[in-house]
Amino acid sequence: MKFITPTILLLFLLQSCSISEETWTKEEILNSVSEHNYSGTGYRDFEGKVINYDYVDFGSFRLAIYDNKIKWRGYGGYFDGIVALVEPQISKVSEGVYFMSWVFESGGGDNVCVNFNNKKVYAHLHQPESDLPEDFELIHGKIACGPSKDCAFPDGEPMGQFSTIWSIFKNIMKYDLPFLGETERPLIQENKLAQKELTGKKIKYSIDNLSITIEIKNEVTQVTYQGEETQNFLTYVTKVSPGIYFISWMGNRKASDHIVFNQNEMIVFDHISRNGEHRESVYDVDCFSENCN
């Protein structure tokens, strides 16, 4: 018989943290046009539309984007029947490629890259306050539909904390699933290619006149902020498209750090500031080479 450990219970609590608001009908959501955009350079491309994607061994999800929010519902797996409402940041990385993220109030979050050119989706997920390999998962899947008003809609009302916890627990029992974070996920080709193509090169850019250098050394990612000691992290990288790399490390203990590097245009997209604020930032890359001064 399976029991919920304190770590797993904490993860359930984090995953269940969603905002609440007055109910919108499907028609209102699909016809929504917000007066202001607080959600990044890619938000307007998705507004009033739905995206469906299917992860390998992690269930399927339907997302409706509106009013600077995402309403999502899970189908199958851990999140079967669970409905949540989150506040995203959405970056347009290149034509057809987007970076989406949302965080939870108590820590943790989801970071997703979607490539509509080849219909693939990649996510870097982690438990907060941890830098253990088993507590960070790289998952992948296929985009089934979208962004479109004609995709299957995430019906249902966003759920409260207790309902979410109980639903995840029931799904683990129902589908005989390992607890979240306990599944071994072998690296896929996109992870191996990213690691191979980035190893030995440095990515250098500046944040508020403070330079940051990131260097992938196979299984180790080194991050150096100007004037500070180099920090070593485990490597989590995915090649999303030719010249576009999804890079994550456990620098921020609450939300972790995630960037998308567009080598073709020499820019970096970042959704978490050094003080933990969740907002889109776009930086010019000063150097991508074996030797960056």
Does a side chain donor of either [X] or [Y] reach within less than 3.5 Å of an acceptor in the other side chain?
X	Y	result
T230	Q222	no
S34	E47	yes
S39	N68	yes
S60	R62	no

How close do [X] and [Y] get, heavy atom to heavy atom, and via which atoms?
X	Y	answer
H271	S91	NE2-OG, 2.7 Å
M159	G81	SD-O, 3.6 Å
N218	T235	O-OG1, 2.9 Å
N291	C287	O-SG, 3.8 Å
D155	R73	O-NH1, 3.0 Å
R44	E35	NH2-O, 3.7 Å

**OP:** May I ask you to test the H278-Q89 pair for a side-chain heavy-atom distance under 4.5 Å?
**Re:**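 Touching, per the 4.5 Å side-chain cut-off.
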Linking I/L/V/M/F/W/Y whenever their side-chain heavy atoms sit closer than 4.5 Å, directly or via other members, would [X] and [Y] fall into one cluster?
X	Y	answer
V285	V260	no
Y175	V56	no
I207	F233	yes
V223	F288	yes
Y236	V240	no

Heavy-atom donor-acceptor pair, [X] side chain to [Y] backbone, under 3.5 Å:
X	Y	result
Q226	S211	yes
E280	T41	yes
D284	I267	no
N115	N117	yes
N52	A144	no
T199	Q195	yes
N37	G40	yes
K49	C151	no
N118	K120	yes
K149	G48	yes

Worksheet item: Which of parallel (below 30°), tilted (30 to 60°) and perpendicular (above 60°) describes F116 and F46?
Response: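 Ring orientation of F116 relative to F46: perpendicular.
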Whether W72 and F79 hold their rings parallel, tilted or perpendicular, with breakpoints at 30° and 60°:
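Ring orientation of W72 relative to F79: perpendicular.
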With a 6.0 Å cut-off (strictly less than), is the heavy-atom count around CD of E95, excluding the residue itself, greater than 12?
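No, not enclosed.
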| Atom CG of D57: over 12 foreign heavy atoms under 6.0 Å |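 Open.
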- prompt: Can you tell me how far CD of E190 sits from OG of S241, rounded to the nearest 0.5 angstrom?
  reply: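 The OG atom of S241 sits 10.5 Å away from the CD atom of E190.
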Using the ring-ring contact (aromatic ring centres under 6.0 Å, His included) definition, which of the options Y245, F246, F269, F261 pairs with F99?
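So the option named by the test is F246.
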Is the charged tip of R185 near the ring of F58: under 6.0 Å from the six-membered ring centre and within 45° of its axis?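 No, cation not above the ring by the 6.0 Å, 45° rule.
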